[in-house]
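Side chains are part of it too, since the values below use all heavy atoms of this structure and drop only hydrogens, waters and symmetry mates. Note that the structure is predicted; figures quoted are calculated from it, not measured. Each residue takes its place number in the sequence, starting with 1. Remember, it's 1-based here, ligands and their atoms both numbered in the order they're listed.
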Amino acid sequence: MSSVRTRIPPSPTGYLHVGNAWAAFFNWLFARRHGGRVVLRIEDTDPTRSSPEYERAIYEDLRWLGMDWDEGPDVGGPYGPYRQSERTELYREAAEALLRAGAAYPCYCTPEEIEQERQRALAERRPYRYSGRCRTRPEQEIRALRAAGVRPALRLDVGRFHDPAWSSGWLERRREEGGPERLYVVVHDLIRGEVAFALDELDDFIVVRSDGTALYNFANVVDDHGMRITHVLRAVEHLSNTPRQVLLYRALGWEPPQFAHLPVLVGPDRRKLSKRHGDAALREYRDELFLPEALRNFFALMAWYPEDGREIFSTEELVRRFDLSQVGRASPVFDRQKLVWMNGEYMRRALREDPERVVELVAGYLVRHGLLPGPPTSDQRVYVRRVVEVLGERIKEGSDVLRYGDFFFLDLPRYDPQAVEAYLRGEQAAAVLRLAREVVQVVEPYRADTLEGALRSAAAERGLSMRAMVHPVRVALTGKTVGPGLFELMELLGREQVLRRLEYGELLCRSAQAPV
Ligand code: GLU
């Protein structure tokens, strides 16, 4: 086993969204590629927004996606606890270490004082940075504040790092053209290359709030170090946190892990992924019948471009071939159309290899959409199975089940007004339906092939084209102009249903004619 250790650090403040699932998948893929370990850490430091229900939902969704982890709150491991809310003591110890090292100082500033500083910066049109006032607050004042029971926050003393004794060997001295020499925190990002942050642009940030709780940057560093994380693959939104985290590692005398900041997913409009273009909870995709293997394949191809241009990869292949150095910096487009296409490919495979799985999924979908009253009886299951066979490759996502097959589960179809307008108008259409009804009444045996034969000859006898027969019949039976093969669906609907719908169609032809 290699020494690679990655982490998946969701905050249980909501359902896992595709963006986070995508980053989680990359951490998983990278660790598995290198025979390393995956750590799941629950970042629940915000008690007002975190909930155990969301935590459970995150496990469920990650497992559904096919992720597994070697250490985590639910499976244990040598570097736990794996829930931040249970690590308070570790943060406290690290905070003391910072104080002992002289790298942090208590800050007694009130929210009002901070607000004043912020307003001043705003008025002077400069970015707000904490003034460092508590760094030099007179001892006497501090004593008084303490006596009054004011509890301080803890801030990192960033100014300290200007002292060579603190920074030699890892802060870099650089001079930008014409400018003064400055110190830089240089991050060697595995995706972005070298990213330099000027030290003097970082202010003395808070690491522990006055109520004793650790802030994200601090908890993250204590945890990533404590959990022996070697590679942090995360969204580029966190890149601006990285120099602060590096300072914390160094202040504590620890070596930072390697960082790789993944690009932001964008929609086809090139803007940050929005609800309209596919930003949704992973479970919404599950509910829309996206298959986890299709999502994994799709996720892998966002930002990672295999050289041969192939698109379909099994997860085993992805694990074998994944190469972080091929992950680009450009924002990958979350192309829902492509995902639907890919899901269609995997659906086809599932239909071939495990049709019962598809039946199960489709039955669940029908229940959720009110087309089945509850878990299917064995008869209903057989029926769903036949519907799935008839719909076949048309099912690329859940909505296709309704788009092409809702009428199988309705007493009468939902008639598309445009289809009615086009095909169920007037006496001629009514006569076609009547003819079809006569054929259906007597055809024996009642099967797709015999239905087709009988309808064809009936049409030919009257000098009707098959088109003129098929369209009105289809609309009368299904309510729409698109769908599975007409004779197959007639067989499946059964003689009685077909007769009823044809008769109803005739009524529609005439009522459409009636003056309004
Ligand atoms: N809990 C943080 C998030 O979900 C983790 C960020 C990180 O990967 O460092 O954004």
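Atom 4 (O) of ligand 1 has as its closest protein heavy atom Pro9 O, 3.7 Å. The protein atom (non-hydrogen) at minimum distance from atom 9 (O) of ligand 1 is Tyr216 OH, 2.7 Å. In this structure, the protein non-hydrogen atom closest to atom 10 (O) of ligand 1 is His238 NE2, 2.9 Å. Scanning the protein for heavy atoms near atom 5 (C) of ligand 1, the closest one is Glu43 OE1, 3.3 Å. At the top of the distance list for atom 8 (O) of ligand 1, counting protein heavy atoms only, stands Arg7 NH1, 2.7 Å.
Phe205 carries Arg244 over the face of its six-membered ring, with the cationic atom under 6.0 Å from the centre and within 45° of the normal.
Contact annotation: for Glu237 versus ligand 1, there are no heavy atoms closer than 4.0 Å. Of the heavy atoms in Asn220, only side-chain atoms (C-beta onward) come closer than 4.0 Å to ligand 1.
We find the CH2-CD distance between Trp170 and Glu255 to be 11.0 Å, quoted to the nearest 0.5 Å.
Looking at Pro10 next to ligand 1, no N or O pair under 3.5 Å apart turns up.
The salt bridge (Lys or Arg N to Asp or Glu O under 4.0 Å) test with Glu284 is passed by exactly one of Lys275, Arg336, Arg368: Lys275. The only member of Arg234, Arg5, Arg41 that meets salt bridge (Lys or Arg N to Asp or Glu O under 4.0 Å) when paired with Asp224 is Arg41.
Close approach of ligand 1 to Arg234 (heavy-atom distance below 4.0 Å) involves ligand atoms 7 (C), 8 (O), 9 (O). Close contacts between ligand 1 and Ser11 involve ligand atoms 1 (N), 4 (O) [criterion: under 4.0 Å to a heavy atom].
Residues passing the salt bridge (charged side-chain N to carboxylate O under 4.0 Å, His left out) test with Arg310, sequence neighbours excluded: Glu317.
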* What's the verdict on salt bridge (charged side-chain N to carboxylate O under 4.0 Å, His left out) for Glu316 and Arg33, showing C-alpha distance, side-chain angles and the deciding distance? -> CA-CA 10 Å; Glu316 295 69 39; Arg33 168 76 183 81; over 6 Å; no

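In summary, the aromatic rings of Phe299 and Phe26 are positioned with their centroids too far apart to meet the 6.0 Å limit.
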